[in-house]
Each structure stands twice: as structure tokens, then as C-alpha cells.
*Asks:* 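Submitted below is the structure of interest, expressed as C-alpha cells.
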Amino acid sequence: MAMFESFFEMENTPFGRNVPPEYLYQPEHISEAKGRLRYVAKDQLFAVVTGDPGCGKTTLIRDFAQELPKDDYILLYLSDSKLTPRWFYSGLLDQLGLESRFYRGDAKRRLQEEVEILRGGRNKKVVCVLDEAHLLEKETLEEFRFLLNYRFDSMSPMALILVGQTELWDQKLRLQRYAAIRQRIDVNIVLRHLDRAETNKYIESHMRYAGGRQDIFTDRALDEVYKDSSGIPRMINRICEKTLMYASQQQKRLVDEHMVRFVSEHEMLKGGDLR
């Protein structure tokens, strides 16, 4: 624990990464996104999830993966900015416990055969998640279209979910040269920033988890957190944590807007803190 927890008589660290999911505030648009991903998995569709850094893409995918019934689904996850079509198939086959073939075509056929066995013999559906998809080259993105173009479009061999920053859509999929891929997308999910009311509920849920006093942040301090964070959860966490630390160092039991502003101006790296 950091030193501010004992100063504020907290039982847990409020804005760390290890807050149990049941304590996290879940905005309606995140709940809807999870529901749409369940639909993608069930009907074996092609989905794209985009959002600015820090808006909860990783949390969304982690929660979705944890809730997928293990008896019905096999989840394959890849996160590699240098992913080529060959290593794409190799990575998926490795996760299925199979040796990859050297040639892309052989590896692709092996994957399709294994997916058929899983679907027909073991009654399991495959869900493939590719993270950091905004960094992928056109050749790799094109390969997903070929993979999904199965049995003359009569069925999809798996659910495919591309997850990436906003530029995946704005700087790639929106362009004319990606039209063939874009036309195959069944579900497009865009994670937005939290609004002012949601930011308040987000902070309240983390403070409840921490225990101790619940009225440490004044209303104007909460306004300042929202303004400086732009409603980005990761930035909210960092601003609140650093402000609580600063308040404890100053022996202040109440956090006001001046403290939040001081921390935002002197201790935050702005864009750099979004990584």
C-alpha cells in the first residue's frame, strides 16, 4: 500500500489495477459492449473494438473472456504489432497445442481442420481476439478476410475480434483500400469517454472499495478530475491516486479543486500518461 491509504484510514488501494471486478463501476455502454461481444461469440461473427488509450478496451476484453462459458468456447488471444499472416496462424495453432506448418497455406488449412474438429467433434466454438490491431499491416488484415471467406460465405469458422486504438478505424478501415475488409465487419464497437456523471460514479465505486471516508473529494475537485482526465478511466485513476498522495503529504483530509489542478499541472505527463 502507498502511504496515503493509512493517512485516510483506507483498507484497500482505491485506484490501482487490482480492484476486483465486482467493485468496479460499469457504465451502460460497457455493459452493452459486453453483450454485443457475447452475440459475436455465439453467432461466430467478425467484430472490431476501438477506443482511445485508457478507455477500457483491455478491461472489456478481459471481463468478456472470463465470462465466456469454458465448456462451449475456446478463446485464442494474440497481441503482436509485428504479426504477419504466417505468425498469425502459427500463434493460433500453438495455443491449440498443434505444431505449425512452415507454409502459410498449410498452416491455414491445419487451423481450419482443427476448428472443424472442435465445432463438430467437441461442440466448441472458437473465439479469436487480436489486440493492438491498429498496428497491423494491410497484408495481415487482408488475411482475416480470406480466413473468414469460408465455404463460399455460407459459414464463418470462428468469431474474430480486432481490438485497437481509434486509428484502426480512422486511419485504416475507413480508407477505400480496406473496403473489402470493412464490408465483412458484422459488429463495430466504439468505446467512448465517461461523461461527468459516470466519472463521479466511477470514483465513488473505487472509494467504496478502499473503505474509510467517502467524502474526501469535494464536488469541485470531482469537476476538476473530470476536466483534466477527459473522462478517460486510466487518467482518472492516475489523477486521483496522485492527488490523494499529495493531500496526505500536505496533511489535508479533504481534496479540493486546487489540489487536483496542482497535481494535473505539475505531476501528470498528459499524453505520456496514456500508455
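Just so you know, these numbers come straight off a predicted model, no measurement behind them.
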*Asks:* Between T166 and D52, does any side-chain donor sit less than 3.5 Å from a side-chain acceptor?
*Replies:* yes

*Asks:* Tell me whether the count of non-hydrogen atoms from other residues, nucleotides or ligands lying under 6.0 Å of CD in Q251 goes above 12.
*Replies:* yes

*Asks:* Once ring pair (Phe, Tyr, Trp, His ring centres under 6.0 Å) is applied, what residue pairs with a partner in residues 56-82 remain, sequence neighbours excluded?
*Replies:*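 As it turns out, there is no ring pair (Phe, Tyr, Trp, His ring centres under 6.0 Å) pair with a partner in residues 56-82 once direct neighbours are skipped.
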
*Asks:* Who passes salt bridge (Lys or Arg N to Asp or Glu O under 4.0 Å) against E142, sequence neighbours left out?
*Replies:*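 Listed in chain order: K138, R145.
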
*Asks:* Indicate yes or no for a side-chain donor-acceptor contact from S205 to the backbone of Y25 under 3.5 Å, with no hydrogens or angles considered.
*Replies:*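 Yes, because the side chain of S205 sits within donor-acceptor range (under 3.5 Å) of the backbone of Y25.
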
*Asks:* Do V40 and L191 share a hydrophobic cluster (ILVMFWY, side-chain heavy atoms under 4.5 Å, transitive)?
*Replies:*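 Result: yes, single cluster for both.
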
*Asks:* Please confirm whether the backbone N or O of L136 pairs with a side-chain atom of T140, one donor and one acceptor, at under 3.5 Å?
*Replies:* no

*Asks:* Compute whether any side-chain donor of one residue and acceptor of the other, for T50 and Q165, lie under 3.5 angstrom apart.
*Replies:* no

*Asks:* Considering only heavy atoms from C-beta outward, does the side chain of K125 approach that of M158 to under 4.5 Å?
*Replies:* no

*Asks:* Roughly how far, to the nearest 0.5 Å, is CG of L60 from NE2 of H29?
*Replies:* 9.0 Å

*Asks:* Please evaluate residues E11 and E5 with respect to the criterion side chain to side chain contact (heavy atoms under 4.5 Å, CB included), reporting the C-alpha separation (whole Å), side-chain torsions for both, the decisive distance (0.1 Å), and the verdict.
*Replies:* CA-CA 7 Å; E11 299 168 8; E5 287 91 341; over 6 Å; no

*Asks:* With distance as the sole test, does S90 use its side chain to make a donor-acceptor pair with the main-chain N or O of R86 at under 3.5 Å?
*Replies:*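 It does not hold such a pair.
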
*Asks:* Do you know the tightest heavy-atom contact between Q26 and S31?
*Replies:*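 Shortest heavy-atom separation between Q26 and S31 comes out as OE1-OG, 3.0 Å.
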
*Asks:* Does any part of the side chain of P157, heavy atoms only, come nearer than 4.5 Å to the side chain of E116, both counted from C-beta?
*Replies:* no

*Asks:* Scan for ring pair (Phe, Tyr, Trp, His ring centres under 6.0 Å) pairs involving residues 187-233, sequence neighbours excluded, and state none if there are none.
*Replies:* F15-H206, Y23-Y209, Y202-H206

*Asks:* Do M3 and L254 share a hydrophobic cluster (ILVMFWY, side-chain heavy atoms under 4.5 Å, transitive)?
*Replies:* no

*Asks:* Could you work out, with salt bridge (Lys or Arg N to Asp or Glu O under 4.0 Å) as the rule, every residue matching E257, not counting sequence neighbours?
*Replies:* R220

*Asks:* Please check this pair: side chain of K57 against backbone of V163, looking for a donor-acceptor N/O pair closer than 3.5 Å.
*Replies:*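 No, the answer is negative, given that no donor and acceptor are paired below the 3.5 Å cut-off.
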
*Asks:* Which residues pass the salt bridge (Lys or Arg N to Asp or Glu O under 4.0 Å) test with R109, not counting sequence neighbours?
*Replies:*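 For R109 the salt bridge (Lys or Arg N to Asp or Glu O under 4.0 Å) partners, ignoring immediate neighbours, are D106.
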
*Asks:* Using the rule that two of Ile, Leu, Val, Met, Phe, Trp, Tyr join whenever any of their side-chain heavy atoms come within less than 4.5 Å, decide whether I61 and L45 are in one cluster.
*Replies:* yes

*Asks:* Please round to the nearest 0.5 Å and tell me the distance separating atom NE2 of H134 and atom NZ of K172.
*Replies:* 8.0 Å

*Asks:* Could you give all pairs that pass the ring pair (Phe, Tyr, Trp, His ring centres under 6.0 Å) test and reach residues 231-252, with sequence neighbours left out?
*Replies:* Y246-F262

*Asks:* If you measure from CG on D71 to CZ on R122, what distance do you get to the nearest 0.5 Å?
*Replies:* 11.0 Å

*Asks:* Search all heavy atoms of W169 against all heavy atoms of V48 and return the closest pair with its distance.
*Replies:*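 Reported closest heavy-atom pair: CE3-CG1, 4.5 Å.
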
*Asks:* Please report the interatomic distance SG(C240) to CE(M235), rounded to the nearest 0.5 Å.
*Replies:*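 Result: 11.0 Å between the selected atoms.
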
*Asks:* Side-chain heavy atoms under 4.5 angstrom apart, residues restricted to Ile, Leu, Val, Met, Phe, Trp, Tyr: same cluster for F144 and V127?
*Replies:*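 Different clusters.
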
*Asks:* So N237 and R17, do their side chains get closer than 4.5 Å, heavy atoms only?
*Replies:* no

*Asks:* Can we say K201 and E198 salt-bridge, meaning some charged N sits less than 4.0 Å from an Asp/Glu carboxylate O?
*Replies:* no

*Asks:* Enter the distance from D256:CG to I216:CD1 here, rounded to the nearest 0.5 Å.
*Replies:* 13.0 Å

*Asks:* Sub-3.5 Å donor-acceptor pair from the side chain of T13 to the main-chain atoms of G16, do we have one?
*Replies:* no

*Asks:* Is the count of non-hydrogen atoms from other residues, nucleotides or ligands lying under 6.0 Å from Q95 atom CD greater than 12?
*Replies:* yes

*Asks:* I'd like to know if the side chain of R213 and the backbone of R253 have a donor-acceptor N/O pair within less than 3.5 Å.
*Replies:* yes

*Asks:* Looking only at heavy atoms, which two atoms of G231 and T199 are closest? And how far apart?
*Replies:* CA-OG1, 4.0 Å

*Asks:* Answer yes or no: is there a side-chain heavy-atom contact under 4.5 Å between L162 and V49?
*Replies:* no

*Asks:* Within a radius of less than 6.0 Å around CD of Q214, do more than 12 heavy atoms belonging to other residues, nucleotides or ligands occur?
*Replies:* yes

*Asks:* Grab the two heavy atoms, one from M10 and one from G211, that are nearest each other, plus how far apart they are.
*Replies:*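 Answer, listing the atom of M10 first, then G211: CG-O, 3.9 Å.
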
*Asks:* Please say yes or no: joined through hydrophobic side-chain contacts below 4.5 Å, possibly via intermediate residues, are L173 and I161 part of one cluster?
*Replies:*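 Different hydrophobic clusters.
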
*Asks:* To check you understand the geometry: which heavy-atom pair defines the closest contact between L244 and P14, and what is its length?
*Replies:* CD1-CG, 4.1 Å

*Asks:* Given 3.5 Å as the limit, does a donor-acceptor pair link the side chain of R38 with the main chain of A33, or not?
*Replies:* no

*Asks:* Verify the distance criterion only: is there a donor paired with an acceptor across the side chains of D131 and S79 at less than 3.5 Å?
*Replies:*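 No, S79 and D131 have no side-chain donor paired with an acceptor closer than 3.5 Å.
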
*Asks:* Determine whether more than 12 heavy atoms belonging to other residues, nucleotides or ligands lie under 6.0 Å from atom CD of E9.
*Replies:*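 No.
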
*Asks:* Does atom CG (D215) have a neighbourhood of more than 12 heavy atoms from anything else shown, all under 6.0 Å?
*Replies:* yes

*Asks:* Between N188 and V190, is the side chain to side chain contact (heavy atoms under 4.5 Å, CB included) condition met? List the steps.
*Replies:* CA-CA 7 Å; N188 181 32; V190 180; 4.2 Å; yes

*Asks:* Counting N and O atoms only, with roles assigned by atom type, does the side chain of D195 sit under 3.5 Å from a partner on the main chain of A197, one being a donor and the other an acceptor?
*Replies:*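 The answer is yes, because a donor-acceptor pair under 3.5 Å joins these two groups.
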
*Asks:* Do the charged groups of R110 and E99 touch, with an N to O distance under 4.0 Å?
*Replies:* no

*Asks:* As an exercise, state the distance from OG1 of T243 to CD of Q250, rounded to the nearest 0.5 Å.
*Replies:* 12.0 Å

*Asks:* Closest heavy-atom contact between L168 and A133?
*Replies:* CD1-O, 3.6 Å

*Asks:* Hey, does the side chain of K124 reach the backbone of I117 with a donor-acceptor pair shorter than 3.5 angstrom?
*Replies:* no

